[in-house]
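Working notes for the structure below.
Since the model is a prediction, treat every value here as computed from it, not as a measurement. Proteins get letters first, then strands, A, B, ... in listed order; numbering begins at 1 in each. The basis for the numbers below is simple: all heavy atoms, side chains too, and nothing from hydrogens, waters or symmetry mates.
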2 protein chains.
Amino acid sequence: MGIETVISDEVLEQRIRVAGLKPTRQRLGLGRLLFNGISRHVTADELFGEAVNTGVPVSLATVYNTLRQFVDAGLLREVLAGPGRSYFDTDISHHHHFYHVDENRLEDLPIGVVSVESLPQPPTGSEIERVDVVIRLRRQ
Amino acid sequence: MGIETVISDEVLEQRIRVAGLKPTRQRLGLGRLLFNGISRHVTADELFGEAVNTGVPVSLATVYNTLRQFVDAGLLREVLAGPGRSYFDTDISHHHHFYHVDENRLEDLPIGVVSVESLPQPPTGSEIERVDVVIRLRRQ
DNA sequence: TTTTTAATTTAGAATAGTTCTAATCCATTG
DNA sequence: CAATGGATTAGAACTATTCTAAATTAAAAA
């Protein structure tokens, strides 16, 4: 089930360096949790919990800082689904999401399953940053 | 520009009653601000500000309660755009949005401008609550 | 290697948006 | 008009996130 390409320490370090960031213990530890080859959707809190559980020495503030830096560097994508919570998606390819309202959980839609047709011209002076499609699901 | 159908007090009261709510001074006052015939996108805070300015006697807590009740009753639609802020849209017809990231502002897309093709089958046990499309815009 | 420098991390405070609580108020019913 | 139960309120509490200022550490310079 799924190809688990565990990222090597060298590749991870390189990826962080390329982003213009020092490969500190904290960034390496969080990067290892995030980029373990499986596409993931985590909140800052969840990632902090994992870090604590696996002995990555990091504070919650640094988790927030690191997530933001990784997003800015294009290593992660931020997804808004529920109010008041950001999800961070390790799959940065163009795709959309199911959001399970009852479970507060994001799930990828396969690429191409939803296509947004005929994007409108953005108002003058504006450019499209991205298009978010979230299909909200509730238990039947 | 735009058809300003100011809602009559009787219609407003009836609408609130049909939703199973008592037409209190606060609900009538907020309803008058919301359903003034123009399609609006407000946050709780903005609506509270308007209420204060126009002499509607209401607390912030009641603004939140009322917005939630109106959403549950189908009189309003909640739109998630920026993290940590909910917008309430008085236009409950099926349509999507531009979100001006730099201005924290929502704008309607005309109906039909974006069409989501070939909705995927939701996972068993789940049903689609709704499909949100937000086109995020930034200044060029 | 040691020193220096600047980036990074940190605990805890601060903030923003929202919900909760428990007392008071008021619209409706009898 | 009194009783009743829903509605409103101020303020506390809560959640997610950002900020602050001091301490730490990675990288560069010596």
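At least one side-chain nitrogen or oxygen of T62(A) sits closer than 4.0 Å to the OP1 or OP2 atom of dT10(C). Put simply, S86(A) has no side-chain N or O that comes within less than 4.0 Å of OP1 or OP2 on dA16(D).
Atom CD1 in I16(A) sits roughly 11 Å away from atom P in dA27(D) (whole-Å rounding). Computed from coordinates, the L28(A) CG to dT8(C) P distance equals 13 Å when rounded to whole Å.
Under a 4.0 Å N-O distance rule, the pair E50(A)/R40(A) qualifies as a salt bridge.
Counting only heavy atoms from C-beta on, R27(B) has its side chain closest to dT8(D) among dT8(D), dT18(D), dA26(D). Of the candidate nucleotides dT9(C), dC19(D), dG17(C), dT9(C) has the atom lying nearest to any side-chain atom of T24(A). With dT8(D), dT9(C), dT17(D) as the choices, the nucleotide that has an atom nearest any side-chain atom of Q26(A) turns out to be dT9(C). In the set dT19(C), dT10(C), dA26(D), dT19(C) carries the atom at the smallest distance from any side-chain atom of Y64(B).
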Can D108(B) and H97(B) be said to form a side chain to side chain donor-acceptor pair (under 3.5 Å), step by step?
CA-CA 5 Å; D108(B) 283 336; H97(B) 296 96; 3.2 Å; yes
Write down the protein N/O and nucleotide N/O pairs, taken from nucleotides 28-30 of chain C, whose separation is under 3.5 Å; answer none if there are no such pairs.
residue : atom : partner : partner atom : Å
dT28(C) : OP1  : R17(B)  : NH1          : 3.1
dT28(C) : OP1  : R17(B)  : NH2          : 3.4

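A heavy-atom distance below 4.5 Å is not found between the side chains of V42(B) and F48(B).
Judged by distance alone, with hydrogens and angles left aside, the side-chain atoms of D102(B) form a donor-acceptor pair with the main-chain N or O of R139(B) at under 3.5 Å.
Under the 4.5 Å side-chain heavy-atom criterion for grouping Ile, Leu, Val, Met, Phe, Trp and Tyr, F35(B) is connected to V58(B) within one hydrophobic cluster.
Residue N65(B) is in base contact, counting any heavy-atom pair closer than 4.0 Å across all strands shown.
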